[in-house]
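Notes to accompany the following structure.
Quick caveat: nothing in here was measured; it's all calculated off a predicted structure. One is the number of the first residue; the rest follow in order along the sequence. Counting starts at 1 for both ligands and their atoms, in listed order.
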Amino acid sequence: MIAQPERKIALWHLGVAYTAFLIGTLMGVLQVFIRNDALQLPAWLDYYQILTAHGVLLALIYTTFFIFAFFITGMSKSLGSFGPKVRLFSWVGLWVTLLGTIMATVLIIAGEASVLYTFYAPLKANGFYYVGLALVIVGTWISSFALVGHYMVWRRNHKGQLSPLFAFMTVTTIILWIIACLGVVATVLFQYIPWAFGWTDTINVELSRSLFWYFGHPLVYFWLLPAYIAWYTIVPKLLGVKVFSDSLARLAFVLFILFSIPVGFHHQLTEPGISNFWKFLQVVLTFMVIVPSLMTAFSMFATFEISGRQKGGTGLFGWFKKLPWRDVRFTSIFIAMAFFIPGGAGGIINASFQLNEVVHNTLWIVGHFHITVGTPVAMTFMGLTFWLIPYLTGRRFTKRMQRLGFVQIITWSIGMLLMSTAQHVLGLMGAPRRTAYSGYNDHPSAMEWFDGIISNHVTMAIGGTILFLSAMILMYIVIMTMFVSPKAETPDQMVEFPLAESDMSNTPKWLENWWIWIGIAAALIIIAYAIPLTHMIQHAPPGSKGFITW
Ligand code: HEM
Ligand SMILES: [Cu+2]
């Protein structure tokens, strides 16, 4: 059991994460019904207000707070208790991030910031909204430095040793996050804030979007890597085996630092002002990420097979039946992984220079990120929640909760399957994303979209409703395990932190020489971005004044 102060810090993070989840999913179900013309908002509430809240609270806030809860617990578990400074900075990080979150949320609710979670210029929000976002980032940096400080103390006390796999992966994720944030910090501080407060009249839109996506793509890896940490370090323990290969796991992680940053242009393939050469280069770099992704898939299946065979599974697929399906901590993550197979394949389609033309800004994209961040990442976090909260509170995870956990993950899967398939299909037919209901004056082509069995209004409504019910079941489990469930008294009632053993005897030491990876990452970033960004600045267009469309 980790020390009480760290438990408290982690629980606070989880409390904020699930508050954001509650509001965010409520917005989600409203969106489904508004898009279907089954619900009309009162005059003081606008579709874009809700959509902004949904994107920000789920994709940015739920994920970030959950990730830090997981990191803080795991770092304390694998490297030992935090010192007083690390604790202090973890608290400061939490409060700064929370302050930024509250500022941003209040402004969204006040109708001052309906700019969606990508806050594209020239849409202009209240200046304090951007200040709020900046505080969120600064807060995460403070928390990150606290964890890195803890890691550095450990390294100093264990000269010449490789750090435990969990710590290594946490530090990798933090390095990725800090490098990624440089882009969004630059655009928020030097472009949006002066413009939103009226100190400058215009904004260089293309530059702001490019700096945003310099951050926006690695952002998705900031969500995904913590899920991968669970896949690599928790899942083997649930299966009763060791990590399949320690060095493979570490190599895959550092490759993510290299290939997830210099690729943001794949979100801007339809935009003018960037020449095809740079778009193409970044598309090629994007595809490199398939390498560590397949390494991860390979490790996972190897882990499953080894465990299944140890338990007596025979034949080509006999091991499959021997997996611990009755353990909701495992089954949740297995389903999360299964969703990532079509999710990842869809990502390859999105990033392809030509195919992107077909899917860009359609509902396909919405379908895509609900089966990447919305399920593989979110459901892995759900699977972690089932043991993380009871572990931190010292309460039991009762049989009843375990059963409810199954209901929750199965309903989430069904709801997501319905909703995201409908969105993929509608998108291919041409339905745009980010719109409230629009029948295009009942134009026959638009009406046809909704004729299919999968793509009709009813399927979407059922999918969205099931998802929301599932989210509420999760909230119930969260509240019970946080405040109500009986305290664990005997050892077999105690919930453990299931951290797998990893054999480091063959792992090369240079894998933990961070300067190599930071150096290569910097070189790739310069190659991919220096010239096109310089062009955008040197040949800047007149710039745009701000627009408030709501
Ligand atoms: C109750 C569950 C959920 C429902 C019913 C739901 C529904 C929706 C719908 C209908 C949209 C599309 C709106 C549009 O383009 O007009 C949307 C967008 C989005 N959703 Fe969800 N969603 C759910 C859960 C999640 C989760 C768990 C995440 C991430 C962790 C997420 C992230 C997003 C993001 C980032 C957008 C895009 C926002 C934008 O375009 O600015 N959603 N959601
Ligand atoms: Cu991307």
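- Nearest residue to atom 6 (C) of ligand 1 from Met460, Met419, Gln31, Met472 is Met419 (criterion: closest heavy atom).
- Evaluated by nearest non-hydrogen atom to atom 40 (O) of ligand 1, the leading choice among Arg35, Arg434, Gln423 is Arg434.
- Near Thr435, meaning under 4.0 Å from one of its heavy atoms, ligand 1 places the atoms 16 (O).
- Test His360, Glu357, Lys279 against Thr270 for side-chain hydrogen bond (donor to acceptor under 3.5 Å, both in side chains) and you get one pass: His360.
- Here Tyr192 and Tyr129 keep their ring centres 6.0 angstrom or further from each other.
- Heavy-atom distances between Phe369 and ligand 1 reach below 4.0 Å in at least one pair.
- Looking only at N/O/S atoms, His217 comes nearest to the Cu ion (ligand 2) through ND1.
- For atom 27 (C) of ligand 1, the closest non-hydrogen atom of the protein is Trp412 CZ2, 3.9 Å.
- Between Trp213 and Tyr529, the distance separating the two ring centers is not shorter than 6.0 angstrom.
- For Thr25, no nitrogen or oxygen atom sits less than 3.5 Å from a nitrogen or oxygen atom of ligand 1, counting backbone and side chain alike.
- Residue contacts with ligand 1 for Val366 involve side-chain atoms from C-beta outward but no N, CA, C or O (heavy atoms, distance under 4.0 Å).
- Counting the atoms of ligand 1 from 1 in the order shown, those under 4.0 Å from a heavy atom of Val32 are 5 (C), 10 (C).
- Considering just the N/O/S atoms of His267, the one nearest the Cu ion (ligand 2) carries the name NE2.
- Taking the six-membered ring for Trp, Tyr48 and Trp550 have ring centres at least 6.0 Å apart.
- Checked against the 6.0 Å centroid threshold, Phe65 and Tyr18 do not count as a close aromatic pair.
- Nearest protein neighbour of atom 23 (C) of ligand 1, counting heavy atoms only, is His54 CE1, 3.4 Å.
- Judged purely by distance below 3.5 Å, without hydrogens or angles, the side chains of Ser208 and Gln191 never pair a donor atom with an acceptor atom.
- In this structure, the side chain of Trp223 engages the main chain of Ala59 through a donor-acceptor pair within 3.5 Å.
- When hydrogens are left out, the protein atom nearest atom 2 (C) of ligand 1 is Leu467 CB, 3.7 Å; that is the closest non-hydrogen contact.
- If you number the atoms of ligand 1 from 1 as listed, the ones under 4.0 Å from a heavy atom of Tyr47 come out as 13 (C), 14 (C), 16 (O).
- Ring pair His266/His217: centre-to-centre distance below 6.0 Å.
- Under the 6.0 Å cut-off for aromatic ring centres, Phe277 and Phe280 do not qualify, their centroids lying 6.0 Å or more apart.
- For atom 38 (C) of ligand 1, the closest non-hydrogen atom of the protein is Leu51 CD1, 3.8 Å.
- Per residue His370, closest N, O or S atom to atom 21 (Fe) of ligand 1: atom name NE2.
- Heavy atoms of other residues, nucleotides or ligands lying less than 6.0 angstrom from CZ of Phe298 number 12 at most.
- The shortest contact between atom 29 (C) of ligand 1 and any protein heavy atom is with Leu58 CB, 3.9 Å.
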> Given the rule in the side chain to side chain contact (heavy atoms under 4.5 Å, CB included) test, do Phe68 and Ser144 qualify, once you have shown the distances and angles that lead to the verdict?
Replying inline: CA-CA 8 Å; Phe68 276 100; Ser144 297; 3.5 Å; yes
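- For ligand 1, the polar-atom distance check finds no N/O of Thr63 at less than 3.5 Å from any of the ligand's N/O atoms.
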